[in-house]
Structures are given as structure tokens and as C-alpha cells.
Amino acid sequence: MTAPTDDTSTMSAECALAHQPGYAKLHQDCRQTRDVPLPHGRGILLIPRCTCSHHRYTPGR
């Protein structure tokens with residue numbers, strides 16, 4: 001497991017809170033594990049994936 005980053009601005013609310021002492025179990029509640037594109041948005045994201053190191057990232061999924 002990697003050390004948590006200080007920048008939580010690109011993480012989901014659950015993962016940002018999970019970096020605080022006593023809230024580590026909230027990582028399992030994160031649902032932002034994939035990028036959600038805006039329909040017909042030509043690459044614009046409606047919801048970006050959580051950048052927390054606790055999630056696996058597979059490009060193109």
C-alpha cells in the first residue's frame with residue numbers, strides 16, 4: 001500500500017475522508033472507479049474517476 005497523498009481534491013468524498021484517522025474503511029464505499037464521459041462530449045468527463053491509490057485503474061474501461 002502506498003502512502004496517502006496530501007492532495008485530496010481529485011478524490012471522491014469517501015476516499016478523501018478515508019485518509020483521516022479512523023475512517024479507512026470508507027475506501028470500500030467509493031463508486032468513482034471509472035471515468036464517466038459526457039454523452040456526445042468529445043472527451044469531456046461528466047464524472048472523473050477517483051485518483052486514490054487504493055483503486056486499480058485500467059485505461060479504457
Side-chain angles (χ1 to χ4, degrees):
M1 183 162 87
T2 60
T5 60
D6 292 335
D7 182 18
T8 58
S9 64
T10 58
M11 295 180 191
S12 67
E14 293 86 1
C15 287
L17 184 58
H19 280 87
Q20 301 299 318
Y23 292 96
K25 290 185 178 182
L26 284 179
H27 284 293
Q28 66 190 9
D29 293 336
C30 178
R31 293 191 174 113
Q32 286 180 229
T33 56
R34 292 191 284 164
D35 288 333
V36 178
L38 182 66
H40 310 289
R42 298 183 182 164
I44 297 172
L45 295 178
L46 182 62
I47 302 172
R49 72 174 183 86
C50 178
T51 59
C52 180
S53 62
H54 288 83
H55 303 296
R56 289 188 207 167
Y57 178 62
T58 306
R61 279 186 79 190

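The first residue in the sequence is number 1, and the count goes up from there. As a basis for the values below, the full set of heavy atoms in this structure was taken, side chains included, without hydrogen atoms, waters or symmetry mates.
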Ignoring hydrogens and geometry, is there a side-chain-to-backbone donor-acceptor pair from Ser12 to Cys15 under 3.5 Å?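 Between the backbone of Cys15 and the side chain of Ser12 there is a qualifying donor-acceptor contact (under 3.5 Å).
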
Any donor-acceptor pair under 3.5 Å from Thr51 side chain to Thr10 backbone: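 Yes, Thr51 side chain to Thr10 backbone: donor-acceptor pair under 3.5 Å.
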
Side-chain polar contacts of residues 24-32 - donor-acceptor pairs under 3.5 angstrom, sequence neighbours left out - could you list them?
{"residue": "His27", "atom": "NE2", "partner": "His54", "partner atom": "ND1", "Å": "3.4"}
{"residue": "Gln32", "atom": "NE2", "partner": "Pro48", "partner atom": "O", "Å": "3.2"}

Would you say the side chain of His19 lies within less than 4.5 Å of the side chain of Cys52, judging by non-hydrogen atoms?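 The answer is yes; the side chains approach within 4.5 Å.
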
For the student: nearest non-hydrogen atoms of Arg49 and Asp35, plus distance: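 Nearest pair, atom of Arg49 first, then Asp35: N-OD1, 2.7 Å.
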
Each residue besides Ile44 in its hydrophobic cluster should be listed here, by chain and number; the cluster joins Ile, Leu, Val, Met, Phe, Trp and Tyr at side-chain heavy-atom distances under 4.5 Å.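 Reading the cluster by chain and number, Ile44 sits alongside Val36, Leu38, Leu46, Ile47.
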
